[in-house]
Amino acid sequence: MESVRWVLAAAGVEFDEEFLETKEQLQKLQDGNHLLFQQVPMVETDGMNLVQTRSILHYIADKHHLFGRDLKERTLIDINIPTIKKFLEPGSKKKPPLDDIYVRTVYNIFMP
Ligand SMILES: N[C@@H](CCC(=O)N[C@@H](CS)C(=O)NCC(=O)O)C(=O)O
């Protein structure tokens with residue numbers, strides 16, 4: 001979910017967050033048919049209940065022109081999303097290996 005907050009912030013979109021703190025809150029969403037696969041995160045936007053983190057990221061980034069100018073850029077971004085999620089998200093338990101070329105590549109792309 002952190003990555004969804006990031007892309008919303010990068011896009012300058014203001015949003016309200018609802019944190020689920022009890023099983024009953026999740027159950028209520030599931031029972032109300034709000035979640036396509038019965039899982040969160042879910043983002044309500046443009047009349048849709050978007051689920052699946054990567055799809056949410058794609059939608060918001062594409063809508064706000066943050067998802068590359070062409071197919072090559074989009075693919076580069078797409079390739080790097082799992083690495084960003086794994087290593088760079090706050091709270092991530094995995095730390096980037098010092099000499100990992102993959103991680104350096106991501107840093108160079110997003111933090112040149
Ligand atoms: N593939 C989903 C996975 C989402 C997921 O694992 N959600 C967990 C919470 S972090 C969930 O809703 N668990 C409740 C359940 O499966 O009943 C995504 O990428 O968003």
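Order of appearance sets the numbers: ligands from 1, and atoms from 1 within every ligand. FYI, the numbering just counts along the sequence from 1. The analysis underlying the following values was restricted to heavy atoms, covering all of them including side chains, and did not include hydrogens, waters or symmetry mates.
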Next on the checklist: Can you report which non-hydrogen protein atom sits closest to atom 1 (N) of ligand 1, along with the distance?
Outcome noted: Gln52 OE1, 2.6 Å

Checklist entry - How close does the nearest protein non-hydrogen atom get to atom 17 (O) of ligand 1, and which residue and atom is it? => result Gln30 NE2, 3.5 Å

Item to check | Nearest non-hydrogen protein atom, atom 3 (C) of ligand 1 | outcome: Gln39 OE1, 3.3 Å

Checklist entry - Just which atoms of ligand 1 are under 4.0 Å from any heavy atom in Leu26? => result 14 (C)

Checklist entry - For atom 20 (O) of ligand 1, which protein heavy atom lies nearest, and how many Å away is it? => result Thr53 OG1, 2.8 Å

Next on the checklist: Show the atoms of ligand 1 that are less than 4.0 angstrom away from any heavy atom in Pro41.
Outcome noted: 20 (O)

Checklist entry - Is it the side chain (CB and beyond), the backbone, both or neither of Arg54 that lies under 4.0 Å from ligand 1, heavy atoms counted? => result neither

Checklist entry - Which protein non-hydrogen atom lies closest to atom 7 (N) of ligand 1, naming both residue and atom, and how far is it? => result Val40 O, 2.7 Å

Item to check | Residue pair Ala61 / Val7: nearest heavy atoms and the distance that separates them | outcome: CB-CG2, 4.0 Å

Checklist outcome for this item: Here the ring pair (Phe, Tyr, Trp, His ring centres under 6.0 Å) pairs for residues 8-40, sequence neighbours left out, are none

Checklist entry - Is Gln30 atom CD crowded by more than 12 heavy atoms from other residues, nucleotides or ligands, each under 6.0 Å away? => result yes

Checklist entry - With distance as the sole test, does Asp46 use its side chain to make a donor-acceptor pair with the main-chain N or O of Met48 at under 3.5 Å? => result no

Next on the checklist: Any side-chain to backbone donor/acceptor pair from Gln25 onto Glu21? Under 3.5 Å, distance only.
Outcome noted: yes

Item to check | Nearest heavy atoms of Ile56 and Pro41, plus distance in Å | outcome: CD1-O, 3.8 Å

